[in-house]
Amino acid sequence: MMNKQRYDHVKVENDVQQGWEEAGTFVATENSDKPKYYCLSMFPYPSGQLHMGHVRTYTLGDVISRFQRLQGRNVLHPMGWDAFGLPAENAAIQRNIPPAQWTKGNIEHMKSQMRALGFSFDWSREFATCDPDYYRWEQWFFTRMFRKSLVYKKSAWLNWDPVDKTVLANEQVVDGRGWRSDAPVERREVTQWFVRITDYAEELLNCLDHLPGWPEKIKTLQRNWIGKSRGISVIFPLKGEADSLSVYTTRPDTLMGVTSIAVAPQHPLAIKAGADKPAIQSFLEQCNRTLGAEANIAKLPKQGMALGLAVTHPLSGEEIPVWVANFVLMEYGSGAVMSVPAHDQRDWEFAQEYQLPIKQVIAPLPESAEECALDSGAFTARGLLINSGSFDGLDFDAAFDAIALALAEKKLGEQQINYRLRDWGVARQRYWGCPIPMINCAQCGAVPVPDEDLPVLLPTEVEFEGLGSPLKKMPDWYETDCPECGGAAQRETDTLDTFMESSWYYARFACSDAKDGMLDERADYWGQVDHYVGGEEHAILHLLYARFFHKVMRDEGMVKSDEPFEKLLPIGMVLQGGTKMSKSAGDAGDPQHLLEQYGADAVRLAMMFASPPEQSFEWSQQGVEAANKWLRTRLWALVAQHLDTGDKEAKIDARRLTPAERDMRRLSHETLSKCADDYGRRLSFNTVVSTVMSLLNHLVKFAETSPQAGAVRGEALRIAVLTLSPITPHICHALWEQLTGESIDRADWPAVDRSALEKTSVELAVQVNGKLRGRVQVQPDASEDEAVAVAREEANVKKFMAGKTTRKCIYVPNRVLNFVVS
RNA sequence: GCGGGUGUGGUGAAAUAGGUAGACACGCAAGACUUAAAAUCUUGUCGCUUUCGAGCGGUGCCGGUUCAACUCCGGCCACCCGCACCA
């Protein structure tokens, strides 16, 4: 008897969670007759405590997992920790706690919060990326990539913090200053490790066309990020030297309008010119000093200097001066551009600044409304060629081909595909990361650590003294012998970008205890992640890197599919005061006190009800109290009342139901049908909640007391409890047990009784000239004649039809009837 | 600047293939219970008008297509996100 029992969320949730743990309910196995379903939520960085953004992501993943379990799938729903990263080092410096210890404590706390939220994770597969058992395989994979030349060392121009003496990622540069030191960031040439992701640029782009389970929005972001373009690389021979200058352009049709060439400040020609011209030298230094993050470069005025060099135009033979300009990027194309001020806005501004000639070679298409006004700006649209000799009159496409051909004949140019995507710089001058498994030998160069010597362990007993990585001050650690020549050599003291760990963790979950390899055959069983759930802010970097890793793993024979994530659910942010939630967001970001006061089910229910998954929304905790109240006064109370009155449950005899009973039962089965669609196809969990709420609102008003009515009520309650169980699993577990005597963990989603959905009458909206004038009851699928006859008798409709001639009648069965009158 | 998204009551939102706009909640107001409060329950809640039957207006703004538009098309505006001199 539960009539005396009030809803006690603490007791219910503790009992149910304990039951799950004892039974190992969510431990996934590979020997099941059921079809597999791999649902993955992005693992967190163990910052210390969960915030509402985590709660939202993991509740969504949990709801999907639990629904798929009810649908009879063998579900894998793992969780782990993205445990390397900078905050641990900052904590170490500020509070003198070793990063490993700080991280471990955070994981323990966050894990207990996840347990309290009732997430159906298979904890038997848990790992942290700072576990040597995990990162040893990353090191192993790194050496595989090195042997395939997918990893290489090169010098690149990067953001350099002169105070902290480290390379900074672009996102660590704020307004041109280092985020920690606040020192102006410099551009500096640094030698570091890169991964050749550009080798896969074309495939990464093309496969996007075969990912129907990904939102178009995310695919567009990735396409833009990869940034494929088709153009021509044109060779301009240097005047008076044997050397030449290569320039990439997507607008070869403007080639005859070139009035100068501009190279990047880091370009070899510029550096060479600077060597004997102090003015140029100081300009180059100024560029490297003042230019921080690339994004800031765009805001600066166009500046440049003539190098005193000239090249020959490949087609006209004209002499063209070479400049150095601050807006040319060394990292894109060949670090040099042909300047066509008439048809490129940047070149136009540059030409204005230094009074360079502007030569129009493109005229607007005759049928277009565009105008070419070179006094006020460049004409950048495509058009017809003029002032271009034999190419005059050609349009863009014809000119592209003709000029490409003309250049090819002179061996001064060829078609080229270019990508905005650049190779991935993976080395970090940090301590708390995966050691790069390479040894630098003066004789043999960079040598990978042999497999039998892996893992290269990251020492955890470290002292943080001042700035920089402790590894660089640990000769005991980095001094070693060269694996090839046996001579004295040094380990690489940089560590890997933490995006490396998150690029393959999804695959490792299939076999997280594999001892003899990075992956084993269980990775084939679980295959692609069926549904990947996580913050939309990872739309580009993480998802691109993971796709890249997957393809490399495929080429190494470790996985069989081309793509890691079949379906993707990008989740909107949980905002607080208009900004993204984070651990610094304060108390309201922490779910702890809400969990204690209202319970996990209430928090989960409020979160799911608040908004559809993709949408960002402002968190308000009012909803949690309301959710708790609803669970208590509606769901729990109705079940208690039903059991309490001891309503005899007869077997439902559909033919003997009263109209009210039939309506009630129809609503139950409509709920079942709609919610299955909302969970499975629409991923619309807020409407699942409102649909079940609506069902119970009707049940409150359903007052009949016969045995048949008791049966109808019992069925409605079982449907409500089962339907809601993915969202509020604890209370539903308890209520299901009361209602059926069985465990909901073994329940299946019931079949909808089609016959229960049949109606004896439907409401038809009646419009006159498109305006709603009345509603009438007609038989389902009534003929137009019948519907018209009933509708014409409706008083208000009659009023608006009086004295009018019916011109037309539009009838949508079971929905609307529209009289067009005059 | 380029690309994408969003815009519906006081608030979160719903309307799934063009067919009854505002479901379901929060908040608010009134009432019941109570000595009182809390808790709970009931009723009302887009605006204006109303003879209480209903009428008019209404989904960011302007226009269009249609018997019918939150939904489709064209043009604006605002906010958000991503990229940003990519040659």
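Order of the sequence lines fixes the chain letters, A, B, ..., with proteins taken first and strands second; residue numbering starts at 1 for each chain.
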- Message: I'd like to know if A:Lys674 reaches the base of B:U16 with its side chain, counting only an N/O donor and acceptor under 3.5 Å.
- Response: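 Answer yes: a donor N or O sits under 3.5 Å from an acceptor.
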- Query: Does the ring of A:Phe819 carry A:Arg792 above it, NZ/CZ under 6.0 angstrom from centre and within 45° of its axis?
  - Reply: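 Yes; both conditions hold, so A:Arg792 lies above the ring face of A:Phe819.
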- Item | Lys NZ or Arg CZ of A:Lys302 over A:Phe327 ring: under 6.0 Å, within 45° |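 Checked: cation-pi criterion met.
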Any [X] side-chain N or O less than 4.0 Å from OP1/OP2 of [N]:
X	N	value
A:Ser616	B:U6	no
A:Arg682	B:A15	yes
A:Arg420	B:A84	yes
A:Arg632	B:U40	yes
A:Arg422	B:C86	no
A:Gln615	B:A13	yes
A:Tyr332	B:A87	yes
A:Asn697	B:A25	yes

- Provide the Watson-Crick or G-U wobble partner of B:C83, both distances under 3.5 Å; none if there is no partner.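 Checking every strand shown, B:C83 finds its partner in B:G1, with both distances under 3.5 Å.
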- Task: Would you mind pulling out the nucleotide paired to B:G57, Watson-Crick or G-U wobble, both distances under 3.5 Å?
- Result: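 Pairing partner: B:C46.
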- Query: Tell me, for nucleotides 42-54 of chain B in 5' to 3' order, what letter each nucleotide earns: B for a base near a protein heavy atom under 4.0 Å, S for only sugar-phosphate near one, - for neither?
  - Reply: ------------S
- Task: Give the B/S/- string for nucleotides 65-72 of chain B, one per nucleotide from 5' to 3', where a protein heavy atom under 4.0 Å of the base yields B, of only the sugar-phosphate yields S, and otherwise -.
- Result: --B-----
- Item | Contact nearer the 5' end of RNA chain B, comparing A:Lys771 with A:Gly335 |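 It is A:Lys771 whose nearest nucleotide is closer to the 5' end.
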- Query: NA contact type, A:Val328, heavy-atom cut-off 4.0 Å: base, sugar-phosphate, or nothing?
  - Reply: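 Touches a base.
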- Which nucleotide sits closest to the side chain of A:Asn686: B:A13, B:C86, B:U16?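 Of the candidates, B:A13 comes closest.
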- Item | Pairwise P distance, B:C61 and B:G9 [rounded to whole Å] |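 It works out to 10 Å between them.
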